[in-house]
Amino acid sequence: MFILSANDIATLETYLQNQGWLINGERVSQVSVPGEGNMNYVLRITTADRSFIVKQSRGYVEKYPHVSAPADRVLMEGVFYKTTSVDRLIADFTPELIGIDPVNNVMALEDLGTASDFIPLYNSLKALEITQVAQLTDFLSTLHTRFSCESPPDSLKNKAMRALNHQHIFEYPFMKENGFDLDTVQPGLQAVATVYKSDDELKTQVAHLGQTYLSDGKCLLHGDFYPGSWLDTTQGIKIIDPEFCFYGPAEFDLGVMIAHLHLAGQNKAMVDFTLDRYSSINQINYNSLNGFIGIEIIRRLIGLAQLPLQRTLQQKQQLLRFARTLIMS
Ligand SMILES: Nc1ncnc2c1ncn2[C@@H]1O[C@H](COP(=O)(O)OP(=O)(O)O)[C@@H](O)[C@H]1O
Ligand SMILES: [Mg+2]
């Protein structure tokens, strides 16, 4: 098995040549890390005339090596890009697929440039513009409608990744003893979370939402549509990292996006704008939507996949109460 590494350029170069990703004696001049990721090992390869991105998935989560994950998940991204690139709008929003190595779970992608993601939104270091929200919404509504079908292809069911996400979104945050001390995130957060971990009414609703998430649906979803998957490039917003893609309920993607607008403190007008614009293209089931918005807010506050949120305990409590209301409404 080839292990992608920035430390041994000679081996890396031979590997890239063997894959046909370097052409005509092209040499690697630089290897760097393009930006912070969570799940996978990602490098930018620079040669004399160009650069491209290579990404390898492994049997564990890069940021949390004790958490295991499907080793071949990068192949799902490959299937997503291959499937969706036939649509002009989606192709314009996403990097071009250069190649896939299914033996070693490596993918090569067009380099979208030294862009930052939208993670700084959580600290108000970056405000979203209405045109950007429009772009994000159009990406989703196009993806959801353009590739919709009654019986989803097996190649895009992504059951293993869905099972992993299901655990982290719908189960883990509500377990009383899950080995994650939330006071290490913020003193007092564990006690705040205990209220929700003991809330059986809420947990019943969350279990239903979890089943909806696990059921196959008609729309192709990105599956992880949050600011970490949005890149702010000189060519406008680009979308990356569809490893959690699957055929499911459109409201899951839309719910995640709106949850993060709330988590990033964006105003209600932004949320209403998103809903108006999306609903002019695709129908929304508001009951599921509210549920998915609520659960994403809760799991980001009391689950393992924490965000760099600068919020007081009181503000987090307020968000949690709001999220609960959405789920129970
Ligand atoms: N095609 C690309 N062009 C430019 N930068 C990229 C590209 N793909 C990834 N990156 C950078 O690498 C980071 C990690 O990539 P990502 O696909 O999100 O990995 P992970 O699955 O580990 O989250 C991104 O946040 C981004 O900064
Ligand atoms: Mg990512």
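Order of appearance sets the numbers: ligands from 1, and atoms from 1 within every ligand.
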Next item on the list: Answer with yes or no whether K238 contacts ligand 1, where contact means a heavy atom under 4.0 Å from a ligand atom.
Entry: no
Notebook entry, point to check: Would you say E62 touches ligand 1, if touching means a heavy atom closer than 4.0 Å?
Noted result: no
Item checked: N158 (side chain) donor-acceptor with E243 (main chain) under 3.5 angstrom -> yes
Check: Is it true that the NZ or CZ of R58 lies under 6.0 Å from the centre of Y41's six-membered ring and within 45 degrees of the ring axis?
Finding: yes
Check: Should you measure from each heavy atom of E243, which atoms of ligand 1 turn up under 4.0 Å away?
Finding: 21 (O)
Next item on the list: Say whether, by atom type as modelled, one donor and one acceptor occur between the side chain of D183 and the main chain of Q190 under 3.5 angstrom.
Entry: yes
Notebook entry, point to check: Do any N or O atoms from the side chain of D253 and from the backbone of H222 form a donor-acceptor pair under 3.5 angstrom?
Noted result: yes
Checklist line | Residue pair P173 / K197: nearest heavy atoms and the distance that separates them | finding: O-NZ, 2.9 Å
Checklist line | Check ion pair R88-D92 (N to O, under 4.0 angstrom) | finding: yes
Item checked: Nearest protein heavy atom with distance in Å, relative to atom 13 (C) of ligand 1 -> G35 O, 3.5 Å
Next item on the list: Counting heavy atoms only, name the option from V33, I98, I53 that's nearest to atom 2 (C) of ligand 1.
Entry: I53
Note to self: Which of the protein's N, O or S atoms come within less than 2.8 Å of the Mg ion (ligand 2), not counting waters?
What the structure shows: D241 OD2
Margin query: Residue-level breakdown please: for K55 versus ligand 1, do any non-hydrogen atoms fall below 4.0 Å on the side chain, on the backbone, on both, or on neither?
Written below: side chain
Item checked: Structural part of D111 in contact with ligand 1, heavy atom criterion under 4.0 angstrom -> both
Note to self: Just to check, does G113 reach to within less than 4.0 Å of ligand 1 when the distance is taken from its heavy atoms?
What the structure shows: yes
Notebook entry, point to check: Does any N/O atom on M39 come nearer than 3.5 Å to any N/O atom on ligand 1?
Noted result: yes
Next item on the list: Please work out whether any backbone atom (N, CA, C, O) or any side-chain heavy atom from C-beta onward of E110 is under 4.0 Å from ligand 1, and answer side chain, backbone, both or neither.
Entry: backbone
Margin query: Give me the residue, atom name and distance of the protein heavy atom closest to atom 23 (O) of ligand 1.
Written below: D241 OD2, 2.9 Å
Margin query: Polar contacts were defined as any N/O atom of the residue lying under 3.5 Å from an N/O atom of the ligand; does this apply to E77 and ligand 1?
Written below: no
Margin query: Membership question, hydrophobic clusters at under 4.5 Å side-chain separation (ILVMFWY): are L220 and M161 in the same one?
Written below: yes
Check: Should L109 and Y15 be counted in the same cluster of Ile, Leu, Val, Met, Phe, Trp and Tyr side chains packed under 4.5 Å apart?
Finding: no
Margin query: Quick check on contacts: which atoms of ligand 1 are under 4.0 angstrom from a heavy atom of E36?
Written below: 13 (C), 14 (C), 25 (O)
Check: For atom 9 (C) of ligand 1, what's the nearest protein heavy atom and its distance?
Finding: I240 CD1, 3.7 Å
Checklist line | atom 14 (C) of ligand 1 - nearest protein heavy atom and its distance | finding: G37 CA, 3.7 Å
Next item on the list: For the pair D272 and R277, find out whether any cationic side-chain nitrogen is under 4.0 Å from an anionic carboxylate oxygen.
Entry: no
Notebook entry, point to check: Looking at the rings of Y213 and F292, which for Trp means the six-membered one, are their centres under 6.0 Å apart?
Noted result: no
Next item on the list: Describe, in one word, how the ring planes of H262 and F322 are oriented to each other, choosing from parallel (under 30°), tilted (30 to 60°) and perpendicular (over 60°).
Entry: perpendicular
Check: Checking S57 side chain against V74 main chain: does a donor-acceptor pair fall under 3.5 Å?
Finding: yes
Check: Side chain, backbone, both or neither: which part of L112 comes within less than 4.0 Å of ligand 1 when only heavy atoms are counted?
Finding: both
Note to self: For atom 12 (O) of ligand 1, what's the nearest protein heavy-atom neighbour? Residue, atom name and distance, please.
What the structure shows: P34 CG, 3.5 Å
Check: Just checking, R300 and Y226: is the charged tip under 6.0 Å from the six-membered ring centre and within 45° of the axis?
Finding: yes
Note to self: Any carboxylate oxygen within less than 4.0 angstrom of a Lys/Arg side-chain nitrogen, looking at D232 and K238?
What the structure shows: no
Check: At what distance is the nearest protein heavy atom to atom 21 (O) of ligand 1, and which residue and atom is it?
Finding: N40 ND2, 2.7 Å
Item checked: Protein contact to atom 15 (O) of ligand 1 [nearest heavy atom, distance to 0.1 Å] -> V42 CG2, 3.7 Å
